[in-house]
There are 2 protein chains.
Amino acid sequence: MSQSPKQSAGRTVPTSADVARLAGVSRATVSYVLNNTAAVRISEPTRRRVREAAEELGYVPHAAARSLRAGHSRMVLLPTAHVPIGPLYSRFFNDLQWALRRLDYTVVQYGSVGLDPDEAARAWAELRPVAVVSLGQVELTPQGVELLKRSGAKAVITVGPQRVEGTHALVMDQAQVGRAAGAHLVERGCRTIGVVMPEEPGLEMFSVPRLAGVRAAAEAAGAEVLPLPLRYEEEPAGALAGRWRELGLDGVFAYNDEYAMLLMRALQDAGIAIPGETAVVGSDDLVIGRLLRPRLSTVHIDMVMGRELAELVDRVVRDPESAPERQELLDSRVVRRESS
Amino acid sequence: MSQSPKQSAGRTVPTSADVARLAGVSRATVSYVLNNTAAVRISEPTRRRVREAAEELGYVPHAAARSLRAGHSRMVLLPTAHVPIGPLYSRFFNDLQWALRRLDYTVVQYGSVGLDPDEAARAWAELRPVAVVSLGQVELTPQGVELLKRSGAKAVITVGPQRVEGTHALVMDQAQVGRAAGAHLVERGCRTIGVVMPEEPGLEMFSVPRLAGVRAAAEAAGAEVLPLPLRYEEEPAGALAGRWRELGLDGVFAYNDEYAMLLMRALQDAGIAIPGETAVVGSDDLVIGRLLRPRLSTVHIDMVMGRELAELVDRVVRDPESAPERQELLDSRVVRRESS
DNA sequence: TTGAAAGCGCTACCAA
DNA sequence: TTGGTAGCGCTTTCAA
């Protein structure tokens, strides 16, 4: 057995035992001092010696060892996939992380692109997170939830359009966004309404319920709805605009402001008058929506704040029974500008 | 109560010992079977018994215990902050994660907003990652690097505008972007060039070198450069446009296409002719840059691919001496459209 | 072919 | 006020 002292810079990673040795105390004392354990009182000179030794060695506690010993971690795992979800979502995401860290959780995003739902759940479970907060970018099955809970997760929370068995669900009723847009278009007199469906993968979770919402609102008023698959590029937008008149649409809900901008530009280039010939409504109320002319009408979405969600996570971790299983958290309203 | 009490709340997380007991073998055998250890041969019936037991219990290995025992992990840590860096970066980021997982690393993003550089490095070190890849969103000091290496990180790689002592650096020379834009504007005849500097925090790492690049190109040709702080909102853009003529600018590099769009719209609303009175150049070659009229000229950036970086990470992990300490990885060129 | 047991780094209980 | 030490879940050496 070759005991090679071949650590990267020749030295080995310092442990609490090294600190104890250098300070001339026991490992227990080191632990007490560095964790400020309230139940034990250590003399000031000893404290100082321990601190100095730790400093000198560049000692950093080993999180895995600590949580192994403790039997639990404070890791909150956020599964992510690359879904170009826009500033709204990413702002929320950031707030959430910040708020969780303030509550003393270690927040870790786990990129799960290309894993199937059960593989993914297993990979997360290996890390033994105390909570998993799925923002709906990655699918979560009831089996996955069960596995996570079995491996110690106190809270499994989903934020998204769908309800998942066994989780605490923060429902974002995307259909509501579609209903708002649909109702608005109907009210503006539209009778045949197109709904842009992005072809980029990963957006179905949002686009499908939004379409359903438009449908509900439109059909209640006797208007027709036509889904319009579209890739986020100039060419397909131009092609769609090219056959616009044969589609006979007098209104369109364009998934979000970015797709709306793309389509609107293509329609204008094709000589379609907006809103005269076709009314256009986007969603998410992005800054860019105000840059084209006519200014884009949009659905403004009020999202739950990251801090609130962080508090929910904390509450569920402390007492899994304490929170409602399901909570609505999205509110939306149409901001009418000039394109509708 | 409709739930069977046995497997709901009070149950404990199954360990390899539980699997061993259920299968009627030792823990060692469980480990051999589940890890397909090549050095040991286990009979097929035993293998099956172990697998079935693991399945039945929903056993998931404990990553912390495993890496504690192994003395190392395969975790690659990517520090992140919320920097609205655009699709270019986020695409790269995603590719990197995917490629690293294919090389059997566990990729974890660690949100580090609001931590100072040394706190952050310490927090990362606690997780004992085998590699840290900093995409330049979070600052890394030489002390931080030293700490990480001391705690076992084999590779510390920075990707960004700056070189950091002790790391393998993949330099993205953002100044080059500025130089390209500056040279282009000078060539179009501009003599007094504005450079938009976003006021949103976190972008200085990109905006400052880009400004320096424009300066270099402009001053070589005897042109002047004026920094223009700007927040990403309609109002400040309008205000800037309002005092445009007194600034006497005949060209502007607008940081990126989004800021360029915002500014261009404000300038047009203020009656400034583009490119006649002022030429506008953005950066990053985003889709939206083609939606306004005139179409936006931009600096197209070719970034290194995530896969290449993943391979570099792997090489450095396996042999820290094997790779060059510094490598250029950004190439840029002006795409002239109509705004310049 | 399988089992017993040591030990990774840490904390918490109990003893001194 | 401090030290000794068991044991968290896992892998791996050595023995059977």
Side-chain angles (χ1 to χ4, degrees), chain A residues 1-3 7 12-50 53-54 57-75 125-128 130 150-152, chain B residues 12-50 53-54 57-75 125-128 130 150-152:
Chain A
M1 190 158 158
S2 59
Q3 176 83 317
Q7 192 58 225
T12 166
V13 186
T15 71
S16 74
D18 296 319
V19 177
R21 204 169 308 122
L22 182 59
V25 300
S26 75
R27 285 151 65 216
T29 305
V30 170
S31 176
Y32 295 144
V33 172
L34 297 183
N35 295 310
N36 284 314
T37 307
V40 182
R41 294 199 333 197
I42 305 282
S43 69
E44 203 39 59
T46 305
R47 301 190 100 88
R48 193 168 26 251
R49 285 217 314 284
V50 170
L57 294 174
Y59 171 71
V60 176
H62 192 307
R66 173 178 287 174
S67 67
L68 182 59
R69 165 66 224 226
H72 59 260
S73 74
R74 305 239 343 134
M75 180 191 295
E126 290 191 358
L127 298 178
R128 297 290 193 273
V130 69
R150 228 209 265 292
S151 58
Chain B
T12 161
V13 186
T15 71
S16 73
D18 296 320
V19 177
R21 203 169 308 122
L22 181 59
V25 299
S26 75
R27 289 155 67 218
T29 305
V30 171
S31 176
Y32 295 143
V33 172
L34 297 182
N35 295 308
N36 285 313
T37 307
V40 183
R41 292 194 343 195
I42 305 282
S43 68
E44 200 43 57
T46 306
R47 300 189 100 88
R48 195 173 18 253
R49 284 219 312 286
V50 170
L57 294 175
Y59 171 71
V60 176
H62 192 307
R66 174 179 286 175
S67 68
L68 182 60
R69 165 66 223 224
H72 57 83
S73 74
R74 301 227 3 122
M75 181 191 295
E126 291 191 358
L127 298 178
R128 298 289 193 275
V130 69
R150 229 208 269 292
S151 58

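Proteins get letters first, then strands, A, B, ... in listed order; numbering begins at 1 in each.
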message: Which residues in residues 26-33 of chain A have a heavy atom closer than 4.0 Å to any atom of DNA chain D?
response: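 Within this stretch, A:Ser26, A:Arg27, A:Ala28, A:Thr29, A:Tyr32 sit under 4.0 Å of the strand.
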query: Does any residue of residues 59-71 of chain A have a heavy atom under 4.0 Å from DNA chain D, and if so, which ones, in number order?
result: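 Residues of residues 59-71 of chain A under 4.0 Å from DNA chain D: A:Leu68, A:Arg69.
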Hey, are the side chains of [X] and [Y] touching, using non-hydrogen atoms and a 4.5 Å cut-off?
X: B:Val13; Y: A:Arg128; value: yes
X: B:Leu68; Y: A:His62; value: yes
X: B:Asn36; Y: B:Arg47; value: yes

- prompt: Is the shortest side-chain N/O distance from B:Ser16 to OP1 or OP2 of D:dG9 below 4.0 Å?
  reply: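 For B:Ser16, the contact criterion (side-chain N or O under 4.0 Å from OP1 or OP2 of D:dG9) is not met.
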Figure out the [atom1]/[atom2] separation between [X] and [N], and round it to whole Å.
X: B:Glu126; N: C:dG9; atom1: CD; atom2: C1'; result: 13 Å
X: A:Arg49; N: D:dG3; atom1: CZ; atom2: C1'; result: 14 Å
X: B:Leu34; N: D:dT12; atom1: CG; atom2: P; result: 13 Å
X: A:Arg21; N: D:dG4; atom1: CZ; atom2: P; result: 13 Å
X: B:His72; N: D:dT11; atom1: NE2; atom2: P; result: 12 Å
X: B:Leu127; N: C:dC10; atom1: CG; atom2: C1'; result: 15 Å

task: Only pairs at least two apart or in different chains count here, so list each side-chain hydrogen bond (donor to acceptor under 3.5 Å, both in side chains) that has a residue in residues 23-32 of chain B.
output: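 Checked against side-chain hydrogen bond (donor to acceptor under 3.5 Å, both in side chains) - neighbours excluded - the pairs reaching residues 23-32 of chain B are B:Ser26-B:Thr29, B:Ser31-B:Asn35.
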task: Not counting sequence neighbours, which residues clear side chain to side chain contact (heavy atoms under 4.5 Å, CB included) with A:Leu57? List them please.
output: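 If we apply the side chain to side chain contact (heavy atoms under 4.5 Å, CB included) test to A:Leu57, skipping adjacent residues, the hits are A:Pro14, A:Asp18, A:Val19, A:Leu22.
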- request: Using side chain to side chain contact (heavy atoms under 4.5 Å, CB included) as the criterion, list what pairs up with A:Leu127, not counting sequence neighbours.
  value: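 Expected list: A:Met75, A:Leu77, A:Tyr110, A:Pro129, B:Ala63.
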- prompt: For A:Tyr59 and A:Leu34, which heavy atoms make the closest approach, and how far apart are they?
  reply: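 Closest pair (atom of A:Tyr59, atom of A:Leu34, distance): CE2-CD1, 3.5 Å.
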task: For residues A:Arg49 and A:Ala23, report the shortest heavy-atom separation together with the two atoms involved.
output: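 Smallest heavy-atom distance, with atoms named: NE-O, 3.1 Å.
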message: Just verifying a value: how many Å separate A:His72 NE2 and A:Arg66 CZ, rounded to the nearest 0.5 Å?
response: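 One gets 10.5 Å once the value is rounded to the nearest 0.5 Å.
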task: Would you jot down, in residue-number order, the residues of residues 40-47 of chain B having a non-hydrogen atom under 4.0 Å from DNA chain C?
output: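 Per residue number, the list reads B:Val40, B:Arg41, B:Ile42, B:Ser43, B:Thr46.
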- prompt: Could you give the angle between the helix axes at the two ends of the helix from C:dT1-D:dA16 to C:dA16-D:dT1, with five pairs per end, rounded to 10 degrees?
  reply: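 That helix has its two terminal axes inclined by roughly 50°.
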message: A:Thr46: which residues meet the side-chain hydrogen bond (donor to acceptor under 3.5 Å, both in side chains) condition with it, sequence neighbours left out?
response: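 Checked A:Thr46 against side-chain hydrogen bond (donor to acceptor under 3.5 Å, both in side chains); matches are A:Ser43.
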